[in-house]
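Report on one structure; see the data block that follows.
For ligands, and for the atoms within them, numbers begin at 1 and follow the listed sequence.
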Amino acid sequence: MKKLKNWDNKTWLSSKSYISQFNKFLKFRVNLNKNSKILDIGCGRANIISSLHKRYKFKNKPVGIDIVRNKDIKKNIIFRKIEASKYLKKNRNYDLILIKQTIHFFSKTNLNLILKLAKKSLNSKGKILIFSLKTKNNRIPCFKKMRKKLEKNLKRDEVLFKIIKKNLKKISYTNFNFKVNISKQKYVRMIRERYISCLLSMSNKEIKLGISEIKSKYKNQIKFTDTLKCISYRK
Ligand SMILES: C[S@@+](CC[C@H](N)C(=O)[O-])C[C@H]1O[C@@H](n2cnc3c(N)ncnc32)[C@H](O)[C@@H]1O
């Protein structure tokens, strides 16, 4: 399967407003200060930890890991191109481990392993925050085939949530909501660039058909709420 490369490539997920609202959300859930050690698993271009570092000026630069080395990865963080479980086996002592919109890439076995290792990698009072698309009534604009694939993936996510609950036990849940207002033209570009994993396995023809469906279904400006479920674990 193709690798996900355009998730945060000039989309609302890399916009200033998204990052700043997301980091505000984090501020209410984790006590960050200049001594905090942060690991972002599946960091993409590392927009989030880069912005946190600008704000807190951590003594230890935050670490972002990903199996893909994207173009334009932020320079003020430490990036490692490595699979999560491999990294966690050797690296410890984090105050915050962030896993945002990444668990759906893991096999069930790997998720079990990553969670076990992540727990061991936390300092006392350290936190793991896992963010993933909400599975019920998801508002992401889709064409028919995309919706079908997305729903199938979201069903699998629910199984992954059960694995998380089994491993981490004392967890709490909240939602992060972001109001998206994007031009249809930009959204079509995102679909063409396969910004979300349910588009990765589609043929070019399916994407083309899907784009014409989106063009006729939506007005020039597309508005919806992007909601992530946040699962929080504290050691
Ligand atoms: C949807 S992107 C999310 C990027 C970023 N966390 C964000 O929210 O903008 C998921 C990322 O996880 C990475 N990934 C998938 N499996 C991984 C693994 N086993 N170890 C590390 N990174 C992984 C992918 O390459 C991709 O960049």
Close N or O approach (Phe105, ligand 1; < 3.5 Å): no
Under the 3.5 angstrom rule, does the side chain of Arg45 hit a backbone N or O of Asp72 as a donor-acceptor pair? no
Of the backbone atoms (N, CA, C, O) and the side-chain heavy atoms from C-beta on, which set of Phe106 has a member under 4.0 Å from an atom of ligand 1: side chain, backbone, both, or neither? side chain
Before signing off on this row, confirm whether Lys100 and ligand 1 have an N or O atom pair separated by under 3.5 Å. yes
Keeping the roles fixed (side chain from His104, backbone from Asp157), state whether a donor-acceptor pair exists under 3.5 Å. no
How does Ser14 reach ligand 1, by side chain, by backbone, by both or by neither, if only non-hydrogen atoms under 4.0 Å count? neither
For ligand 1, which atoms, with element, lie under 4.0 Å from some heavy atom of Cys43? 5 (C)
For Asn110 and Glu83, what are the C-alpha separation, side-chain angles and deciding distance, and is it a side chain to side chain donor-acceptor pair (under 3.5 Å)? CA-CA 10 Å; Asn110 204 24; Glu83 197 282 319; 2.9 Å; yes
Could you check whether any side-chain N or O of Ser50 sits under 3.5 Å from a backbone N or O of Ile48, counting only pairs where one atom can act as donor and the other as acceptor? no
Only pairs at least two apart or in different chains count here, so list each salt bridge (charged side-chain N to carboxylate O under 4.0 Å, His left out) that has a residue in residues 196-225. Lys145-Glu206
Applying ring-ring contact (aromatic ring centres under 6.0 Å, His included), which residue pairs with at least one partner in residues 145-171 are found, sequence neighbours left out? none
Within the 4.0 Å heavy-atom shell around Gln101, which atoms of ligand 1 are there? 1 (C), 2 (S), 3 (C), 8 (O), 10 (C)
Should Lys162 and Glu158 count as an ion pair when the cut-off is N to O under 4.0 Å? no
Can you tell me if Leu13 has a non-hydrogen atom under 4.0 Å from ligand 1? no
Mind checking whether Glu83 has an N or O less than 3.5 Å away from an N or O of ligand 1? yes
Ligand 1 N/O within reach of Asp66 N/O, cut-off under 3.5 Å: yes
